[in-house]
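Letters go in sequence order (proteins before strands), and every chain restarts at 1.
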Amino acid sequence: MKYAYYPGCSSESSASAYDVTSRTVASALGLEMEEIKDWNCCGATEYFSIDHLPAYSLIARNLALIDPQETPQVVAPCSACYVNLKKTDENMAKYGQLNADVNEALAAGNLSYVPGTVKTRHLLDVIVNDVDPDVMASKVVKPLTGLTLVPYYGCYIGRPEGSFDDVENPQTMDRLLEGLGATVPDYSLKSSCCGGHMTQIGTDVAMGILRRLIDLADRLGADAMVVPCPMCQLNLDVYQSYVNKAFGASYKMPIVYFTQMMGLAFGMDPAELRFEEGVVPVKSMLEKWRTPVSSTKKRKVRDKKALPMPQALPD
Amino acid sequence: MTLDPNSVYAKITSELPGGDKLRTCLQCGMCGGSCPSGEDMDHTPRKLFAMIAAGQDREVLRSNTFWYCVSCYLCTVRCPQEIPITDIMYHLKHQAIEKGLYTTDAVDFSQTFVGLVENYGRAFEFGLATQFYLTHHPLGGLKMGPMALAMMSRGRLNLRPTRIKAIRQLKNILNRAKEIGAGS
């Protein structure tokens with residue numbers, strides 16, 4: 001099936017690594033994605049605060065630009081875009097007045113949208129649930145064996161009202177990363193918020209939230225935190241040095257997109273996967289991945305005599 | 001008792017899609033207990049909803065509660081009454097802006113963001129950061145300097161905005177939406 005693709009504004013600047021690797025990985029898996037022509041911003045979390053009707057109308061223009069006959073589903077790699085597109089479609093279906101008002105606004109631009117005709121999907125959902133597991137398995141030529149990867153979903157996977165994963169304890173990315181060969185610890189903060197725009201407007205609030213997330217990943221021995229959202233990546237990566245400064249800490253936690261890790265496992269050249277766009281260096285993680293897990297390294301067995309345990313007498 | 005149509009309570013229940021569910025609030029406190037920034041709020045969402053029901057509009061709109069909302073929807077998914085709490089927080093910001101009763105930079109951040117989107121059709125991170133910090137926090141802006149440099153050197157900060165082709169069409173849509181909103 002062919003999907004409409006909504007890259008979102010961060011694809012053009014702060015999250016270009018995500019956009020590039022999303023397209024590369026999707027095409028490697030045979031997913032056909034066609035960018036919506038002349039799409040506009042989804043308003044992030046800002047426009048709803050100012051006025052909800054223009055905010056809904058801004059988002060609805062993107063849905064109206066899609067031909068549902070051609071592409072009945074739209075894929076968004078950014079969780080904030082995903083939640084806004086989905087919420088607009090669902091609320092227009094649920095609330096008749098909102099549907100009428102948004103369509104009246106769209107008519108001023110000779111557009112219209114019938115709610116329910118274009119289904120919004122997150123890229124993570126499409127990759128895990130639409131791709132044949134055998135096809136996926138056949139692509140994994142350089143598994144991520146030996147890497148401990150913490151899946152951090154952020155708040156929008158499965159919210160606001162359920163979708164492809166659990167609202168509190170999502171599993172999709174856990175399963176994906178395990179399938180790629182990584183060790184995936186149980187990360188209890190996986191769907192806690194990254195603070196969103198708080199890094200800009202309420203830095204102190206954001207620092208505490210970010211520290212908690214990075215600290216737990218660090219204590220779980222993570223080689224990296226893996227994210228499906230540009231906002232989470234930006235906050236955890238770009239502001240990590242600020243967190244270190246604020247708390248006298250020295251975290252060096254790489255923050256990578258799940259598409260980058262898929263590319264690695266698919267045998268793509270790390271240089272093409274834009275890892276260098278991360279502010280926190282990923283070098284040690286990549287080195288660990290390149291070093292084969294040594295099966296020669298024998299587990300140290302303690303001398304039985306050294307144990308303060310009762311021992312059976314010989315027969 | 002008749003409700004003042006301009007009260008915070010009436011506006012939420014009549015203007016906001018799904019806002020009428022606020023009537024069913026049980027005061028259970030699940031929202032405040034779930035909130036990642038709850039401890040920084042003047043009042044938890046639960047308390048704020050009680051204040052709204054009690055008609056303490058001025059205190060409600062002057063509180064910092066909704067400005068600290070990070071829009072994560074955790075309260076919304078946990079609310080046993082399925083009240084769209086995050087949307088109510090958005091609407092309270094809207095009402096506070098309308099009445100000029102806010103004491104926060106957040107609104108300037110939102111307005112700068114929206115202004116750029118209305119002009120270009122796309123968000124413009126560099127423009128947002130420079131406009132917001134230069135206008136409101138020249139010193140805070142300096143602190144953000146190393147971050148901006150780190151992003152720029154990694155090609156993550158576009159210095160020029162992208163304008164969509166049909167910007168006129170978008171403006172017509174948004175202007176019409178604003179007219180409809182103002183009339184309702």
Side-chain angles (χ1 to χ4, degrees), chain A residues 9-10 12-16 38-41 43-54 56-58 61 83 91 94-95 97-98 101-102 104-111 155-156 159-162 167-168 192-193 195-198 200-202 205 209 238-239 241-242 276-279, chain B residues 15-18 36-37 40 67-68 70-74 76-78 84 86-87 90-91 93-94 97 104-107 109-111 113-114 117 120-126 129 132 140 146-147 150-151 154-158 162 164-166 169-170 172-178 180-181 184:
Chain A
C9 301
S10 61
E12 298 184 318
S13 51
S14 63
S16 54
D38 210 34
W39 54 271
N40 57 256
C41 176
T45 52
E46 308 311 319
Y47 214 156
F48 277 108
S49 325
I50 305 288
D51 204 350
H52 72 264
L53 197 52
Y56 276 119
S57 306
L58 178 84
R61 177 176 174 271
V83 97
N91 280 353
K94 207 150 89 184
Y95 305 110
Q97 188 60 50
L98 179 70
D101 289 347
V102 169
E104 195 187 328
L106 287 175
N110 293 317
L111 291 174
C155 40
Y156 290 158
R159 295 190 201 156
E161 29 195 298
V167 292
E168 303 251 3
S192 295
C193 179
H197 70 183
M198 276 298 159
Q200 316 291 316
I201 58 172
V205 182
I209 288 175
V238 178
Y239 287 93
S241 62
Y242 291 75
E276 74 286 354
E277 285 186 22
V279 172
Chain B
E15 287 178 11
L16 181 72
S37 44
D40 292 296
W67 298 111
Y68 274 91
V70 288
S71 313
C72 76
Y73 294 95
L74 188 57
T76 304
V77 299
R78 284 186 176 172
T86 309
D87 288 340
Y90 281 133
H91 202 261
K93 290 183 198 180
H94 164 72
I97 294 170
T104 167
D105 292 332
V107 61
F109 184 79
S110 297
Q111 277 168 340
F113 184 99
V114 167
V117 170
Y120 297 109
R122 300 261 167 99
F124 177 34
E125 292 165 351
F126 181 72
F132 176 68
M147 180 206 80
M151 287 184 71
R154 286 165 180 82
R156 292 177 63 175
L157 207 52
N158 268 0
T162 312
I164 63 168
K165 289 194 192 91
Q169 177 196 47
L170 178 65
N172 289 341
I173 293 172
L174 297 179
N175 287 337
R176 186 74 197 103
K178 285 176 199 172
I180 303 167
S184 73

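For A/F48, the parts lying near chain B are the backbone and the side chain together; criterion is any non-hydrogen pair under 4.5 Å. For A/I209, the part lying near chain B is the side chain, with the backbone staying farther off; criterion is any non-hydrogen pair under 4.5 Å. Only the side chain of A/E168 comes within contact range of chain B, with heavy atoms under 4.5 Å apart. Heavy-atom distances place no part of B/F124 under 4.5 Å from chain A, backbone and side chain included. Contacts between A/S10 and chain B at a heavy-atom distance below 4.5 Å involve backbone atoms as well as side-chain atoms. With a threshold of 4.5 angstrom between heavy atoms, A/C9 approaches chain B through side-chain atoms but not through N, CA, C or O. With a 4.5 angstrom heavy-atom cutoff, B/N175 does not touch chain A via any of its atoms. A/E276 touches chain B through its backbone: at least one of N, CA, C or O sits under 4.5 Å from a heavy atom, while the side chain does not. Heavy atoms closer than 4.5 Å to chain B are found in both the backbone and the side chain of A/L58. Both the backbone and the side chain of A/D51 come within contact range of chain B, judged by heavy atoms closer than 4.5 Å. Residue A/S192: no heavy atom, backbone or side chain, is found under 4.5 Å from chain B.
Remark: side-chain polar atoms of A/D38 are paired, donor with acceptor, to backbone N or O of B/A166 under 3.5 angstrom. B/R154 contributes a side-chain N or O that, together with a main-chain N or O of B/A150, makes up a donor-acceptor pair within less than 3.5 Å.
Top candidate by heavy-atom pairs under 4.5 Å with chain B, chosen from A/K94, A/H197, A/Q97, A/E277, is A/E277. Comparing A/A107, A/C155, A/S241 by heavy-atom pairs within less than 4.5 Å of chain B, the highest count is held by A/C155. Among A/A44, A/C193, A/G196, A/P54, the residue with the largest count of heavy-atom pairs under 4.5 Å with chain B is A/P54. Comparing B/L74, B/T86, B/D87 by heavy-atom pairs within less than 4.5 Å of chain A, the highest count is held by B/L74. Comparing B/R122, B/R78, B/Q169 by how many heavy-atom pairs each has under 4.5 Å with chain A, the most go to B/R122. Listed options B/V114, B/N172, B/T162 were ranked by heavy-atom pairs under 4.5 angstrom with chain A; first place goes to B/V114. In terms of heavy-atom pairs under 4.5 Å with chain A, the best-connected choice from B/M151, B/E125, B/K178 is B/E125. Among the candidates A/N110, A/N91, A/L111, the residue making the largest number of heavy-atom pairs closer than 4.5 Å to chain B is A/L111. When each of A/S16, A/G202, A/G43 is scored by its heavy-atom pairs under 4.5 Å with chain B, the top score falls to A/G43.
In this structure, B/L16 and B/H94 have side chains that are not in contact, with every pair of non-hydrogen atoms separated by 4.5 Å or more. B/V70 has its side chain within reach of B/P36: a pair of non-hydrogen atoms, C-beta onward, lies under 4.5 Å apart. In this structure, B/R176 and A/L53 have side chains that are not in contact, with every pair of non-hydrogen atoms separated by 4.5 Å or more. Between B/R156 and A/V238 the shortest side-chain heavy-atom distance falls below 4.5 Å. Contact annotation: the side chain of A/T45 approaches that of B/Y90 to within less than 4.5 Å [non-hydrogen atoms, C-beta and beyond]. Annotation: side chain of A/C41 is not in contact with side chain of A/Y47 (no heavy-atom distance under 4.5 Å). Side-chain atoms of B/L157 and A/S13, non-hydrogen and from C-beta on, never get closer than 4.5 Å to each other. When side chains are defined from C-beta on, B/S110 does not count as touching B/K93, because their heavy atoms never get closer than 4.5 Å.
To the nearest 0.5 angstrom, A/E46 atom CD is 6.0 Å from B/F113 atom CZ.
Using the six-membered ring where Trp is involved, A/H52 and B/H91 have ring planes that are tilted, between 30° and 60° apart.
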